[in-house]
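Note sheet for the following structure.
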Amino acid sequence: MSEFKSVCVYCGSSNRVDPRFFDIADRFGKAVAARGLRMVYGGGNVGLMGASARAAFSTLAGFGWEFPPVLYARVAGPTIANCLRRRRL
């Protein structure tokens, strides 16, 4: 069995969620970063998706995002992915 290098996060982007789920998202993001895995997500900064990404970013220096150029202006420090295939590598 091969080891995986990336984790795709697909979860809610609403802040109207039970606070317990934010705690879980925070712990998940930190665990992803601690294991040196790459987090792939939609680039949002709200809800559970944003919480997990912020936690990973705060834990691991050099963490970066990959998403289409149209979203580039919304976040700082991303890696630009010019095509969907690049995002999935």
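Under a hydrophobic-cluster definition in which Ile, Leu, Val, Met, Phe, Trp and Tyr are linked whenever side-chain heavy atoms come within less than 4.5 Å, directly or via other members, I24 and V32 are assigned to different clusters. Follow the hydrophobic side-chain contacts under 4.5 Å out from V40 and you never reach Y10; the two are in separate clusters. Follow the hydrophobic side-chain contacts under 4.5 Å out from L48 and you never reach V9; the two are in separate clusters.
Residue M49 holds its CE atom at 11.5 Å from OG of S14, rounded to the nearest 0.5 Å. In this structure, the separation between OH on Y41 and SG on C11 is 10.5 Å, given to the nearest 0.5 Å. The distance from the NZ atom of K30 to the OG atom of S52 is 12.0 Å, given to the nearest 0.5 Å.
For the pair A51 and A25, the tightest heavy-atom approach, listed with the atom from each and the gap, is CB-CB, 4.0 Å.
The backbone N or O of N45 lies less than 3.5 Å from a partner atom in the side chain of R54, making a donor-acceptor pair.
Side-chain contact between M39 and F28 is present, with heavy atoms from C-beta onward closer than 4.5 Å.
Residues satisfying the salt bridge (Lys or Arg N to Asp or Glu O under 4.0 Å) test with R20, not counting sequence neighbours, are D18. For N15, the side chain to side chain donor-acceptor pair (under 3.5 Å) test picks out no residue, with sequence neighbours left out.
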